[in-house]
Amino acid sequence: MKVLVTVKRVIDPYVKVRVKSDGTGVETANVKMAMNPFCEIAVEQAVRMKEAGIVTEIVAVSVGVQQCQETLRTAMAMGADRGILVETTADVQPLGVAKLVKAIIDREQPKLVIMGKQAIDDDSNQAGQMVSALLGWPQSAFTSAIAVNGDSADVTREIDGGLEKLTIRLPAVVTTDLRLNEPRYVTLPNIMKAKKKPLEVLKPEALGVDIAPRLKTLKVEEPPKRSAGVKVADVAELVAKLKNEARVI
Amino acid sequence: MSVLVIAEHDGKQLKPGTANTVTAAAKIGGDIAVLVAGHQCADAAQAAARLAGVGKVLLADAPHYAGAVAENMAALVQGIAAQFTHILAPATGFGKNFMPRVAALLDVQQISDISAVVSDDTFVRPIYAGNAMATVQSADKVKVITVRATGFDAAGEGGSAAVESLAAGPDAGLSKFNGQELSKSDRPELTAARIIVSGGRGMGSGENFKILEALADKLGAAVGASRAAVDSGFVPNDYQVGQTGKIVAPELYIAVGISGAIQHLAGMKDSKVIVAINKDAEAPIFAVANYWLVEDLFKAVPELTQQL
Ligand SMILES: Cc1cc2nc3c(=O)[nH]c(=O)nc-3n(C[C@H](O)[C@H](O)[C@H](O)COP(=O)(O)OP(=O)(O)OC[C@H]3O[C@@H](n4cnc5c(N)ncnc54)[C@H](O)[C@@H]3O)c2cc1C
Ligand SMILES: Nc1ncnc2c1ncn2[C@@H]1O[C@H](COP(=O)(O)O)[C@@H](O)[C@H]1O
């Protein structure tokens, strides 16, 4: 079966982000970028399913600026077979991403779509569920295990109280949680191989999708700072502070 | 204005985030209705009717709403959406699962995880793991919103809203609910606890979490964890606090053997008082702590339990 995965290019999760002084956003110039960690998990899952003989082809899709080609190359170095970039410099919000991804799904007809649960820049946690709704397909969000059995899949989802198990009909959309797998590192030979894999570039207009933003960002600010704390010498001092100063115990 | 709040509940009682979401609805203004959907959840509907500020409760009781399966929840909400200007749910695993589906069906860009209401179309939400706060204005006709509970006080009791039955929609039949494995605990729930004691990789093993549990029991606290502690298998996934785990803001958060990665801080830095215990004097967690103790946790934690 064919699997489609989505990969977003984001600021590296271990970089400390800085809010721009004019309040319009965060600093992205000369900042290290990376594949969204949840998308890495999505690619890894697809590749493992291909290695297990369940999946025949993996198509990776990204929406964004030209440099997203690098992110697609990384996905191909991990094992995706080809890439599709919907190239735009516009701010595409999750509903717009979902509509673009749906348009590509209509064309590609995959049996399974694996997306990250959340992009760690906008922290929206929406696009996967939206794609699933637009297609009228079943969804499994925050997935920590998938077993495909013919025309359905048994999935385990992480929920607030523990775990939940569902059987979903295929085709379906799955979003990944952290514990689905541990993504592999890309190797140099695979990076070289990935350079030869097909990468198609499309414009949103070619897909006939309206991606006009619905949310306007009025300002972006630093969160309130916590005031500096104090070092305590020992447990006795800690207990005294908590009792007499903070009065929380 | 007419606001719909979708209640998270276990059939009998409301889950903690629901009352906070009602407060967010009150800040938007207008009439507030609460939807209680589930199977055999009349008690939860009564609990919703007692929340202050609630005008009416809509009860949708059918077997295919058990477990709040996303496809069925979204279709139900879509069916009544035209009556409302705003649709809100807590930004918990429950709300995050089906609300984007509601938004897509209504052709609306959801506003995720709001921590403040500026006006009926403008809201504040954290981005980049809470390292920046964005103020966003929605141009959509209906606002579909998930609410970060720690940004709003819980609505009190004292209401006496009428409970109306809502005809159940069809079962989409796209997925089959095979049950849940819930972690059992006599301790308070993480998102409702006044005090939380959290352990990280420094705990070394699941067995060692016993010393944290002893401290938690002494304080009547909930137990949480960093991702590293969960990934190492020390504790179940639902203990995880952080950007991609639970967001908490208790009166007292005690971080033990946790380094303080930004993804962890994202989930707890709004706590009123933060205590950090770490043997590394350079641990980044100390930057957000009110009180910090540089010591081996295997010495400090039992001592703390004993001195309380
Ligand atoms: C996409 C993404 C999402 C993430 N989401 C989350 C999330 O939601 N929540 C989360 O927590 N993390 C999350 N992380 C992981 C995060 O980046 C860190 O890796 C993680 O928080 C580290 O956990 P830790 O502090 O327990 O472990 P470490 O960083 O290994 O720190 C262990 C600490 O214990 C101390 N220690 C060790 N032994 C002792 C001792 N005997 N006594 C006292 N102190 C001791 C050490 O000095 C050290 O500071 C996420 C990461 C990514 C990429
Ligand atoms: N611009 C994008 N390009 C590719 N995939 C995306 C993009 N935006 C979101 N996604 C996918 O949708 C998931 C959820 O994103 P979000 O709803 O923005 O938190 C991400 O983990 C990605 O897999």
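Proteins come first, then strands; the chains are lettered A, B, ... in the order of their sequence lines, and each starts at number 1. If you're wondering where the values come from, they're calculated on a predicted model, not measured in any experiment.
- B:Arg125 has no carboxylate O lying under 4.0 Å from a charged side-chain N of B:Asp113, or vice versa, which leaves the two without a salt bridge.
- Per-residue counts of heavy-atom pairs under 4.5 Å with chain B were compared for A:Lys231, A:Met130, A:Glu158; the largest is that of A:Lys231.
- For B:Lys269, the parts sitting under 4.5 Å from any heavy atom of chain A are the backbone and the side chain alike.
- At a heavy-atom cut-off of under 4.5 Å, chain B is reached by A:Lys117, A:Gln118, A:Ile120, A:Asp121, A:Asp122, A:Asp123 from residues 107-123 of chain A, listed in order of number.
- Ion pair B:Glu189/B:Lys15 flagged as a salt bridge, since at least one NZ, NE, NH1 or NH2 atom sits closer than 4.0 Å to an Asp/Glu carboxylate oxygen.
- Side-chain atoms of A:Gln126 come within 3.5 Å of backbone N or O of B:Gln110 as a donor-acceptor pair.
- Listed options B:Ser138, B:Ala70, B:Gly179 were ranked by heavy-atom pairs under 4.5 angstrom with chain A; first place goes to B:Gly179.
- Interface residue B:Glu71: only side-chain heavy atoms are found under 4.5 Å from chain A.
- Both the backbone and the side chain of B:Leu182 come within less than 4.5 Å of a heavy atom in chain A.
- You'll find the side chain of A:Thr88 stays beyond 4.5 Å of the side chain of A:Val65, heavy atoms only.
- By the 4.5 Å heavy-atom criterion applied to side chains, B:Gln137 and A:Leu215 are not counted as neighbours.
- Of the atoms belonging to A:Ala236, heavy atoms from both backbone and side chain fall under 4.5 Å from chain B.
- Side chains of B:Phe286 and B:Asp280 form no contact here, defined as non-hydrogen atoms less than 4.5 Å apart.
- Of the two parts of A:Lys225, neither the backbone nor the side chain holds a non-hydrogen atom closer than 4.5 Å to a non-hydrogen atom of chain B.
- Contacts between residues 287-297 of chain B and chain A, defined by a heavy-atom separation under 4.5 Å, are made by B:Val288, B:Ala289, B:Asn290, B:Tyr291, B:Trp292, B:Leu293, B:Val294, B:Glu295.
- For B:Ile195, the part lying near chain A is the side chain, with the backbone staying farther off; criterion is any non-hydrogen pair under 4.5 Å.
- With respect to A:Lys99 and B:Asp107, a salt bridge is recorded, a charged nitrogen being found less than 4.0 Å from a carboxylate O.
- Proximity of B:Tyr128 to A:Val19: side-chain heavy atoms (C-beta onward) are nowhere separated by under 4.5 Å.
- The shortest distance between side-chain heavy atoms of A:Thr143 and A:Asp177 does not fall below 4.5 Å.
- Most heavy-atom pairs under 4.5 Å with chain B: of the set A:Glu245, A:Glu221, A:Arg169, this distinction falls to A:Glu221.
- Residues A:Arg247 and A:Lys241 form no side-chain contact, since every pair of their non-hydrogen atoms from C-beta on lies 4.5 Å or further apart.
- For A:Val230, the parts lying near chain B are the backbone and the side chain together; criterion is any non-hydrogen pair under 4.5 Å.
- Comment: B:Asp231 engages A:Arg179 in a salt bridge, judged by a side-chain N to carboxylate O separation of less than 4.0 angstrom.
- If you take OG1 on A:Thr167 and CZ on B:Phe177, they are separated by 11.5 Å, rounding to the nearest 0.5 Å.
- At a 4.5 Å heavy-atom cutoff, the contact between A:Arg214 and chain B is made by backbone and side-chain atoms alike.
- Of the listed residues (B:Leu252, B:Ile127, B:Asn237, B:Val273), the greatest number of heavy-atom pairs within a distance under 4.5 Å of chain A belongs to B:Asn237.
- Using a 4.5 Å cut-off between heavy atoms, A:Pro213 does not touch chain B at all.
- Only the backbone of A:Val15 comes within contact range of chain B, judged by heavy atoms closer than 4.5 Å.
- By number of non-hydrogen pairs under 4.5 angstrom with chain B, the leading residue of A:Glu222, A:Gln93, A:Gln139 is A:Gln139.
- Applying the ring-ring contact (aromatic ring centres under 6.0 Å, His included) test to residues at least two apart or on different chains, the pairs with a partner in residues 92-114 of chain B are B:Phe94-B:Phe98.
- Residue with the most contacts toward chain A among B:Glu8, B:Lys272, B:Gln180, B:Gln240: B:Gln180 (heavy-atom pairs, distance under 4.5 Å).
- Heavy-atom contacts from other residues, nucleotides or ligands closer than 6.0 Å to CG of A:Asp151 number 12 or fewer.
- Of the listed residues (A:Gly161, A:Ser124, A:Pro224, A:Ala172), the greatest number of heavy-atom pairs within a distance under 4.5 Å of chain B belongs to A:Gly161.
- For the set A:Ala133, A:Ala153, A:Ala98, the count of heavy-atom pairs under 4.5 angstrom toward chain B peaks at A:Ala133.
- With no hydrogens or angles considered, a side-chain donor-acceptor pair links B:Arg101 and A:Ser132 at under 3.5 Å.
- Taking A:Thr217, A:Leu178, A:Val26 one by one and counting their heavy-atom pairs under 4.5 Å with chain B, the maximum is reached by A:Leu178.
- A side-chain donor-acceptor contact under 3.5 Å links B:Asn72 to the backbone of B:Ala172.
- Taking the side chain as every heavy atom from C-beta outward, A:Val31 and A:Arg18 never approach each other to under 4.5 Å.
- Remark: side-chain polar atoms of B:Asn97 are not paired, donor with acceptor, to backbone N or O of B:Gly93 under 3.5 angstrom.
- Interface residue A:Arg157: only side-chain heavy atoms are found under 4.5 Å from chain B.
- Residue with the most contacts toward chain A among B:Lys96, B:Lys299, B:Gln263, B:Glu251: B:Lys96 (heavy-atom pairs, distance under 4.5 Å).
- Checked by atom type and distance alone, the side chain of B:His264 never pairs as donor or acceptor with a backbone atom of B:Ser259 at under 3.5 Å.
- The CD1 atom of A:Ile159 sits 10.5 Å away from the OG1 atom of B:Thr92 when rounded to the nearest 0.5 Å.
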- Item | Residue pair B:Asp238, B:Ser183: steps toward the side chain to side chain donor-acceptor pair (under 3.5 Å) verdict | CA-CA 8 Å; B:Asp238 56 303; B:Ser183 343; 2.7 Å; yes

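- If you check the side chains of B:Asn178 and A:Glu164, you find no donor sitting under 3.5 Å from an acceptor.
- Contacts between A:Ala246 and chain B at a heavy-atom distance below 4.5 Å involve backbone atoms as well as side-chain atoms.
- Within residues 301-308 of chain B, the residues having any heavy atom closer than 4.5 Å to a heavy atom of chain A are B:Glu303, B:Leu304, B:Gln307, B:Leu308, listed by residue number.
- Considering only heavy-atom pairs separated by less than 4.5 Å from chain A, the leading option among B:Met99, B:Lys246, B:Arg227 is B:Arg227.
- Only the backbone of B:Val108 comes within contact range of chain A, with heavy atoms under 4.5 Å apart.
- In this structure, the side chain of B:Ser271 engages the main chain of B:Met268 through a donor-acceptor pair within 3.5 Å.
- Heavy atoms closer than 4.5 Å to chain B are found in the side chain of A:Val239, but not in its backbone.
- At least one side-chain heavy atom of B:Thr135 sits under 4.5 Å from a side-chain heavy atom of B:Val118.
- At a 4.5 Å heavy-atom cutoff, B:Thr146 makes no contact with chain A through either its backbone or its side chain.
- A:Glu44 and A:Asn181 form no side-chain donor-acceptor contact under 3.5 Å, judged by distance and modelled atom types alone.
- Residues B:Ala132 and A:Val220 share a closest heavy-atom pair of CB-CG1, 3.8 Å.
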